[in-house]
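As the structure lists them, so they are numbered: ligands from 1, and atoms in each ligand from 1.
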Amino acid sequence: MERAVLRILDANLDRAREGLRVIEEWCRFGLERTDLTDICKHLRQQLGQWHLPEIRAARDTPGDPGTQLTHAQEAQREDISQVLLANFARVQESLRVLEEYGKVYRTDLAAAVKQIRYQVYTLESTMTQKPQMPALLAARLYLVTAPVPNLLHVVEAALNGGLRLLQYRDKEADNATRYENATKLKFLCKQYGAVFIINDHIDLALAVDADGVHLGQQDYPIEVARRLLGPEKIVGRSTTNPTELQRAIDEQADYIGVGPVYETPTKAGKAAAGHEYVAYAQANAPMPWYAIGGVDAENLGDVIAAGAARASVVRAIMQADDPKVMTQQLVAQLAQAPSG
Ligand SMILES: Cc1ncc(COP(=O)(O)OP(=O)(O)O)c(N)n1
Ligand SMILES: Cc1nc(C(=O)O)sc1CCOP(=O)(O)O
Ligand SMILES: [Mg+2]
């Protein structure tokens, strides 16, 4: 292996880990967020495992022309956010270098670094751009509404049962009705500290200042939602197979739906993606993801066993005799799932 490639890998493994350490210290002492601190530590340790002896042995600091390079703006930072942004950029540059030269050295290194790079994007979104991402990350259960007569009553019962992530979805109503419902649902969600997402309609998400929008494969490109809603809003994408998952990764979706796990009348005519796609998502999705489609209290255990740590439901709660109790059951089951 070219010694120069080993030196490049060595320098960028160091650079990425140093940048993550700078970020980690703010998570620990500034934000006092052990969850974010642990994410940084885990990413550093993952990179450390790839700092193989032959890579370290290639180090030649005295002969490295780059050690003398400094830029004026590196001498001073305006504030903490500039420290974080500069070090996120430093980490992502280094990871991109590791991914590209890793393709020459060992493709498993390149693949591992790609996964780490997307986890760093999610961490950056959480820390610097999207105020509601920590709340989404903390929510394992995601209720997607269906048009029912007692919509607000069912949603408030679910919120009382511990729901903290809601999506307003209504394919039948006119815009005036959707606007009225969305306004009331957002008010409810904010009373309970829940994340509020709009299905399909970016204009409605904008109109009620929702926390984000969920887009399916036949909906607008994520880039359009980002341009209209701004970078601080959450954009989710539906996926049914590895190709759609890769496209969601490339579009940097903040989270994805994975389904339909089972065929469902709520989305009639869509073939089940099955447990196989749940397992594929568990192994390959770098962003938060929610198993959806026919999920209920009876089969949730199987869906978790297939690899899901988060789930999204419609009928299980919207048609439950007691939506609060049903929500409590689903939340409790998901709390037992391995972290995801
Ligand atoms: C969490 C979540 N996953 C998938 C969907 C499906 O959205 P979409 O593909 O837009 O299909 P419709 O909901 O529009 O029928 C979702 N809404 N939420
Ligand atoms: C809205 C939606 N999206 C799906 C997808 O696979 O993208 S499945 C689905 C409906 C889920 O409803 P229920 O929980 O009642 O089965
Ligand atoms: Mg849609």
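The protein heavy atom nearest to atom 8 (S) of ligand 2 is Gly293 CA, 3.7 Å. Summary of contacts: the protein heavy atom closest to atom 10 (O) of ligand 1 is Asp219 OD2, 3.0 Å. Counting protein heavy atoms only, atom 14 (O) of ligand 2 is closest to Val314 N, 2.9 Å. Closest protein heavy atom to atom 2 (C) of ligand 2: Ile292 CD1, 3.6 Å. The nearest protein atom to atom 6 (O) of ligand 2, hydrogens excluded, is given as Pro260 N, 2.8 Å; this is a heavy-atom distance. Looking at atom 4 (C) of ligand 2, its nearest protein heavy atom turns out to be Lys267 CD, 3.6 Å. The nearest heavy-atom contact from the protein to atom 18 (N) of ligand 1 is Gln167 NE2, 3.1 Å. In this structure, atom 14 (O) of ligand 1 lies nearest to the protein heavy atom Lys171 NZ, 2.4 Å.
For ligand 2, the polar-atom distance check against Val144 finds no nitrogen or oxygen pair separated by under 3.5 Å. Residue Arg169 has at least one nitrogen or oxygen atom sitting less than 3.5 Å from a nitrogen or oxygen atom of ligand 1, judged on distance alone. Inclusion of Ser312 in the set of residues having an N or O under 3.5 Å from an N or O of ligand 1 is not warranted. At a 3.5 angstrom cut-off on N or O pairs, Val313 does not count as close to ligand 2. Between Asn199 and ligand 1, at least one N/O pair is under 3.5 Å apart. Between Tyr142 and ligand 1, not a single N/O pair is under 3.5 Å apart. For a threshold of 3.5 Å applied to N or O pairs, the pair formed by Tyr255 and ligand 1 contains no separation below that value. Among the atoms of Gly216, some N or O lies under 3.5 angstrom from an N or O of ligand 1. Residue Lys267 places at least one N or O, backbone or side chain, under 3.5 Å from an N or O of ligand 1.
Looking at Thr239, Val295, Thr266 and measuring to atom 12 (O) of ligand 2, the nearest heavy atom belongs to Thr266. When Lys270, Arg237, His214, Glu244 are checked for heavy-atom proximity to atom 2 (C) of ligand 1, His214 turns out nearest. Within the set Ala268, Ser238, Ala291, the minimum heavy-atom distance to atom 6 (C) of ligand 1 is found for Ser238.
Looking at residues two or more places apart in sequence or on another chain, you find a side-chain contact (heavy atoms from CB on, under 4.5 Å) between Phe187 and Gln191.
In the hydrophobic cluster analysis, where Ile, Leu, Val, Met, Phe, Trp and Tyr join through side-chain heavy atoms closer than 4.5 angstrom, Val314 is grouped together with Val331. Hydrophobic clustering, with ILVMFWY side chains joined whenever heavy atoms are under 4.5 angstrom apart, keeps Ile234 apart from Tyr220.
Tyr118 and Tyr121 have perpendicular rings, their planes meeting at more than 60° on a 0 to 90° scale where under 30° would count as parallel.
By the 4.0 Å N-to-carboxylate-O rule, Arg15 lies close enough to Glu93 to be salt-bridged with it. The residues Asp203 and Arg178 are annotated as not salt-bridged, no charged nitrogen and carboxylate oxygen being separated by less than 4.0 angstrom. Ionic pairing of Glu24 and Arg44 is present here: one or more N-O contacts between side-chain nitrogen and carboxylate oxygen are shorter than 4.0 angstrom. Using a 4.0 Å cut-off between charged nitrogen and carboxylate oxygen, Glu25 and Arg21 count as a salt-bridge pair. Under the 4.0 Å criterion applied to side-chain N and carboxylate O atoms, Asp322 and Lys324 are not assigned as salt-bridge partners.
Within the structure, ligand 2 lacks Ala316 among the residues with a heavy atom less than 4.0 angstrom away. For the ligand labelled ligand 2, residue Gln319 lies outside the 4.0 Å heavy-atom shell.
Remark: of the listed residues Arg310, Gln336, Arg164, Arg310 is the sole one forming a side chain to side chain contact (heavy atoms under 4.5 Å, CB included) with Arg140. With Tyr142 as reference, Ile197 is the one residue of Val313, Ile197, Ile292 to meet the side chain to side chain contact (heavy atoms under 4.5 Å, CB included) rule.
Taking the six-membered ring for Trp, Tyr262 and His275 have ring centres closer than 6.0 Å.
No other N/O/S atom of Asp219 lies as close to the Mg ion (ligand 3) as OD2 does. Looking only at its N/O/S atoms, Asp200 has OD1 as the one nearest to the Mg ion (ligand 3).
At a heavy-atom cutoff of 4.0 Å, ligand 2 is contacted by the side chain of Arg169 but not by its backbone.
Counting atoms of ligand 2 from 1 in the listed order, those under 4.0 Å from a heavy atom of Arg315 are 13 (P), 14 (O), 15 (O), 16 (O). Below 4.0 Å from some heavy atom of Gly259 lie the following atoms of ligand 2, by number and element: 6 (O). Listed by number with element, the atoms of ligand 2 under 4.0 angstrom from any heavy atom of Thr264 are 12 (O), 13 (P), 15 (O), 16 (O). Within the listing of ligand 1, atoms 10 (O), 14 (O) sit less than 4.0 angstrom from a heavy atom of Asp200.
Interatomic distance, Asp211 CG to Gln132 CD, rounded to the nearest 0.5 Å: 4.0 Å.
A donor atom on one side chain and an acceptor atom on the other are not found under 3.5 Å apart for Glu2 and Tyr101.
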Could you go step by step and tell me if Glu251 and Arg247 meet the salt bridge (Lys or Arg N to Asp or Glu O under 4.0 Å) rule? CA-CA 6 Å; Glu251 286 184 303; Arg247 191 155 59 233; 5.4 Å; no

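Between Tyr168 and Val144, the closest side-chain pair of non-hydrogen atoms is not below 4.5 Å.
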